[in-house]
Amino acid sequence: MRIPATPVLDRPTALAAPRSPRWAPVELLPPASLLLLGAVLLAPGHGLWFDELFTAEVARLPLAEILRAVVSGRGTTSYLADVPPSYNAPYYVVAHAWVSLPGVGGDTSLRLLSLLAAAGGLALVTRAVARLAGRATGVVAGSVLAAAPLLLEQAVEARSYGLVVLATGGALLGLVRWLQERPRGLLLFGVAGAGMGLMHWYAVTALAAFVVAALLLRGRRALRVVLTGAAAALPVAGLVGVNLLNGTGARNAEHLTTTDGALADLAVAAWAGGSRVLLHLTVGLALVGALRATGVRVIGACWVLVPLLLLTAAELVRPVYLPRYLLAGLLGLGVLAAAGALALPRAARAPAAALLVALSLLAASPLATREPRERADDVVAFLAAEQRAGEPVVAADQRAATGLDHYVRTAAPRLRPDVVLPPDDAPVTAPVTAPVTDGRVWLVRRLIDGEPVPTDDDGILRAAGWRLTGETAFPAVKTDLVVQRWER
């Protein structure tokens with residue numbers, strides 16, 4: 001008896017027959033792996049760095065105050081007056097809701113929010129790919145993503161990228177459900193698609209990739225997906241409009257540099273954590289997946305190519321590249337590589353999949369032993385031990401002020417009466433609690449290339465007869481801080 005071939009979704013005329021319609025416990029392996037690896041990365045308990053500190057300080061504010069700052073384009077503190085929470089504003093609202101829950105509110109809980117969201121996103125991606133191409137491909141794809149250096153790094157930081165992964169997984173599953181059980185899945189696709197852009201603007205490029213894939217697979221019948229995708233992009237378009245109106249639309253451009261057309265190469269290298277062996281294996285298997293993997297090759301290829309092409313084109317106008325900005329699109333690279341591994345001849349499938357996951361873990365292993373990105377918590381602990389009441393503790397710059405303000409509030413409230421934050425200068429004649437006739441002034445500042453960021457505090461202190469008598473450095477991966485002791 002002749003057995004009919006299984007229909008595949010990569011053919012526009014194919015029937016929408018799901019490969020793995022029922023969920024199985026093995027599909028929890030990828031999110032569980034990410035949670036385990038994330039716990040390992042969080043175990044050292046390093047303090048928050050500037051971007052995370054910004055999240056923590058904004059999230060604790062009343063919701064009305066956050067929204068006013070977003071709309072007005074003004075910062076929420078004196079020392080961050082030019083840094084409003086307008087970028088990623090919806091994330092700060094989510095973070096505010098999270099820290100408002102009973103028993104939640106510490107620094108680690110904000111990182112845990114990202115990790116849980118990323119794990120949820122991997123569960124959705126695994127389910128979607130399993131429905132498209134079979135359970136084995138889904139589990140391997142999820143496992144590859146769980147071990148990816150770029151995703152792991154971002155999944156344990158108090159920023160919006162974990163929620164980007166969650167929204168992307170939801171949009172993918174919604175699209176797959178629509179392909180297989182039309183019209184089901186369209187609502188999920190739209191809601192999650194809106195969440196993608198709201199959590200990070202660049203994720204809209206991955207949403208566009210899903211729309212393109214639907215058009216290629218279903219032609220005119222994908223009109224509802226196109227309209228839903230367009231509607232899902234409206235909220236982020238509104239957010240961009242708010243930022244243009246309040247004058248913060250191009251504020252982050254100064255931190256970006258052009259890649260001179262190498263955006264795609266740099267993005268793939270970042271996904272591989274700098275490992276050339278993993279890079280070549282990933283790209284090679286992704287090409288195999290794009291050519292041979294049934295069920296997922298059209299969605300996977302669009303998922304990779306559309307964001308890279310759109311952002312490469314955008315770079316002709318202005319710099320747009322940071323590796324983490326491309327995370328939503330690069331998830332497709334991991335999925336396509338996993339599909340490629342299982343599209344090889346049968347004897348090579350398991351070794352190729354195992355090698356892909358193992359090399360990803362190896363490339364990500366330095367994250368487990370990385371040094372703190374910033375040591376503002378150690379700075380405050382040092383000051384709490386050395387400073388005497390009445391001695392001013394002065395933050396000389398924005399970075400120093402953010403960390404000092406946060407950790408004094410959470411770990412050393414005794415210091416609060418003596419803390420001086422920008423734009424206030426060092427109080428050389430009248431400190432916060434008592435006249436300065438002798439004693440010490442503690443100046444906290446950022447180092448760049450081993451030199452303190454220039455401020456007017458040095459001149460003010462010297463003119464008043466103070467002299468620098470000692471320094472204690474707190475080097476870190478992202479921000480180097482130093483505590484200077486001034487006496488007279």
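What's counted below: heavy atoms across the whole structure, side chains too, no hydrogens, waters or symmetry copies. Start at 1 with the first residue, then count along the sequence.
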For a quick check under 3.5 Å, do Tyr79 and Asp405 share a side-chain donor-acceptor pair by atom type?
yes
Arg74, CZ: over 12 other non-hydrogen atoms inside 6.0 angstrom
no
SB check Arg127 Glu27 (cutoff 4.0 Å):
yes
From Val482, Val394, Val483, Val453, residue fulfilling side-chain contact (heavy atoms from CB on, under 4.5 Å) relative to Arg445
Val482
Between His406 and Asp107, a side-chain donor and acceptor under 3.5 Å
yes
Between Ser86 and Val70, is there a donor-acceptor pair closer than 3.5 Å when you use the side chain of the first and the backbone of the second?
yes
Between Tyr325 and Trp201, does the ring centre distance come in under 6.0 Å?
no
With a 4.5 Å cut-off on side-chain heavy atoms, are Asp418 and Gln387 touching?
yes
Salt bridge Glu153-Arg324, side-chain N to carboxylate O under 4.0 Å
no
Are side-chain heavy atoms of Thr168 and Trp303 found at a separation under 4.5 Å?
yes
Within a radius of less than 6.0 Å around CD of Glu65, do more than 12 heavy atoms belonging to other residues, nucleotides or ligands occur?
yes
Treating Tyr321 as the side-chain partner and Thr257 as the backbone partner, does any N or O pair qualify as donor plus acceptor under 3.5 Å?
no
Should Arg446 and Asp397 count as an ion pair when the cut-off is N to O under 4.0 Å?
no
Is any NZ, NE, NH1 or NH2 atom of the basic residue among Arg111 and Glu52 found under 4.0 Å from an Asp or Glu carboxylate oxygen of the other?
yes
Just checking, any donor-acceptor pair under 3.5 angstrom between side chains of Glu57 and Thr76?
no
Side-chain donor-acceptor pair under 3.5 Å between Trp442 and Glu391, yes or no?
yes
Geometric cation-pi criterion, Arg399 with Phe50: 6.0 Å, 45°:
yes
